**Q** 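Here it is, the structure in full.
Source: prediction; values computed, not measured. These numbers come from the heavy atoms of this one structure, side chains and all, not from hydrogens, waters or symmetry mates.
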Amino acid sequence: MTDVKELLLSRIRDVPDYPKAGVMFKDITPLLADPTAFSALTGALADLCVAQGATKIVGLEARGFILAAPVAVRAGVGFIPVRKAGKLPGATLAQRYELEYGQAEIEVHAEDLAAGDRVLVIDDVLATGGTAEASLQLIRRAGAEVSGLAVLMELGFLGGRARLEPALQGAPLEALLTV
């Protein structure tokens with residue numbers, strides 16, 4: 001796993017002062033453009049999916065979709081997009097949550113999750129944990145079980161892990177990289 005971590009880290013580009021001064025943005029597009037690195041990433045996440053006994057994967061809008069869909073294919077499980085409010089047609093379940101600067105809302109198709117489903121949530125980055133926390137609540141409201149949360153990168157200095165501890169209810173939080 002050390003070799004995979006080194007490969008992934010080597011393909012993440014630091015972009016200073018983006019989107020605003022003082023922020024060091026972690027750009028994963030070079031990783032996605034490298035088929036060896038992208039395959040290593042999806043393989044590592046698929047291994048977590050299998051180890052946790054997940055039957056479905058939720059990907060969080062938008063970069064979580066990029067990671068979660070190929071992981072679902074590789075692990076042989078279903079992929080469920082969790083989207084910003086108003087982006088899904090048909091009947092949805094919605095979950096509002098607080099941001100530093102206001103509120104947001106995410107949705108999932110009501111029929112995509114059910115009792116008996118074990119769901120692994122995948123996203124690219126864990127920052128403050130607000131969207132991830134809302135997704136865990138949404139999954140449970142749909143009657144499914146959370147098998148865990150997996151991210152490519154955790155920004156440890158933002159405290160997302162501590163915020164998620166109660167919402168995870170014992171389910172594992174796996175970060176392939178922590179910066």
Side-chain angles (χ1 to χ4, degrees), residues 1 4-5 7-9 11-13 25-95 104-114 116-127 129-155 160 164 168 171-177:
M1 187 61 154
V4 170
K5 287 182 180 191
L7 174 62
L8 298 178
L9 271 173
R11 299 304 187 272
I12 297 172
R13 178 176 53 161
F25 185 78
K26 300 292 187 182
D27 181 13
I28 69 167
T29 58
L31 187 157
L32 300 175
D34 179 329
T36 301
F38 194 24
S39 180
L41 171 58
T42 56
L45 291 172
D47 289 347
L48 290 174
C49 177
V50 171
Q52 293 176 12
T55 59
K56 292 191 177 166
I57 291 178
V58 155
L60 302 182
E61 189 166 341
R63 289 182 300 232
F65 295 173
I66 297 168
L67 305 184
V71 170
V73 170
R74 197 161 179 168
V77 300
F79 167 71
I80 312 297
V82 167
R83 305 227 37 207
K84 295 174 183 169
K87 301 282 186 177
L88 292 171
T92 61
L93 290 174
Q95 183 69 45
E105 188 172 38
I106 55 174
E107 294 180 331
V108 66
H109 275 132
E111 71 275 4
D112 288 348
L113 295 170
D117 287 333
R118 289 185 43 80
V119 182
L120 174 64
V121 177
I122 293 181
D123 205 3
D124 64 329
V125 174
L126 173 61
T131 306
E133 181 180 37
S135 74
L136 301 176
Q137 294 166 345
L138 191 58
I139 290 163
R140 289 189 179 107
R141 283 186 44 230
E145 179 185 342
V146 174
S147 71
L149 170 65
V151 296
L152 164 59
M153 185 174 12
E154 177 181 355
L155 305 179
L164 287 172
L168 284 164
L173 166 54
E174 303 281 352
L176 298 181
L177 306 171

**Q** When rounded to the nearest 0.5 angstrom, what is the spacing between CG in Leu168 and CG in Leu136?
**A**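 It comes to 5.5 Å.
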**Q** Residues in side-chain contact (heavy atoms from CB on, under 4.5 Å) with Leu32, at least two apart?
**A**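 Partners of Leu32 by the side-chain contact (heavy atoms from CB on, under 4.5 Å) criterion, ordered by chain and then number, come out as Ile28, Phe38, Ile66, Leu67.
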**Q** Using the salt bridge (Lys or Arg N to Asp or Glu O under 4.0 Å) criterion, which residues pair with Asp117? Sequence neighbours excluded.
**A**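 Scan of Asp117 (salt bridge (Lys or Arg N to Asp or Glu O under 4.0 Å), adjacent residues dropped) gives Lys56.
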**Q** Considering all heavy atoms of both residues, which atom of Leu164 and which atom of Gly129 are nearest to each other, and what is their separation?
**A**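 For Leu164 and Gly129, the tightest heavy-atom pair comes out as CD2-O, 3.6 Å.
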**Q** Tell me every residue that passes salt bridge (Lys or Arg N to Asp or Glu O under 4.0 Å) with Arg140, counting only those two or more places apart in sequence or in another chain.
**A**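 Once residues adjacent in sequence are excluded, Arg140 has no partner under the salt bridge (Lys or Arg N to Asp or Glu O under 4.0 Å) criterion.
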**Q** Return the set of residues passing side-chain contact (heavy atoms from CB on, under 4.5 Å) with Ala127 (not counting sequence neighbours), or none when no residue passes.
**A**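 Partners of Ala127 by the side-chain contact (heavy atoms from CB on, under 4.5 Å) criterion, ordered by chain and then number, come out as Leu155, Leu158.
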**Q** Please find the pair of heavy atoms, one from Leu7 and one from Ala37, that lie closest to each other, and give the distance.
**A**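 That would be CD2-CA, 3.7 Å.
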**Q** Considering only distance and modelled atom types, tabulate donor-acceptor pairs under 3.5 Å from the side chains of residues 80-91, sequence neighbours left out.
**A**
{"residue": "Arg83", "atom": "NE", "partner": "Glu61", "partner atom": "OE1", "Å": "2.9"}
{"residue": "Arg83", "atom": "NH2", "partner": "Glu61", "partner atom": "OE2", "Å": "3.4"}

**Q** side-chain hydrogen bond (donor to acceptor under 3.5 Å, both in side chains) with Gln95: which residues, sequence neighbours excluded?
**A**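 For Gln95, the residues satisfying side-chain hydrogen bond (donor to acceptor under 3.5 Å, both in side chains) (neighbours in sequence not counted) are Gln137, Arg141.
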**Q** Just grab all the salt bridge (Lys or Arg N to Asp or Glu O under 4.0 Å) pairs involving residues 31-42, residues at least two apart or on different chains.
**A**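 Salt bridge (Lys or Arg N to Asp or Glu O under 4.0 Å) check on residues 31-42 returns Arg11-Asp34.
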**Q** State which residues pass side-chain contact (heavy atoms from CB on, under 4.5 Å) with Ala104; sequence neighbours excluded, sorted by chain then number.
**A**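 Ala104: side-chain contact (heavy atoms from CB on, under 4.5 Å) contacts with Tyr97, Leu99.
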**Q** Suppose the criterion is side chain to side chain donor-acceptor pair (under 3.5 Å): which pairs have a residue in residues 41-51, not counting sequence neighbours?
**A**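 Residue pairs passing side chain to side chain donor-acceptor pair (under 3.5 Å), neighbours aside: Thr42-Arg74.
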**Q** Looking at Gly53, is its backbone amide N or carbonyl O close enough to the side chain of Ser147 to form a donor-acceptor pair, meaning the two atoms are under 3.5 Å apart?
**A**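 Answer holds: no.
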**Q** Suppose we screen for side-chain contact (heavy atoms from CB on, under 4.5 Å). Which residues come up paired with Ala94, at least two apart in sequence or across chains?
**A**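 side-chain contact (heavy atoms from CB on, under 4.5 Å) list for Ala94, sorted by chain: Glu105, Glu107.
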**Q** Quick one: does Val108's side chain get under 4.5 Å of Thr92's, heavy atoms only?
**A**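 Val108 vs Thr92: side chains apart.
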**Q** Can you sort out the partners of Glu174 under salt bridge (Lys or Arg N to Asp or Glu O under 4.0 Å), two or more places apart, ordered by chain and number?
**A**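 So Glu174 forms no salt bridge (Lys or Arg N to Asp or Glu O under 4.0 Å) with any residue.
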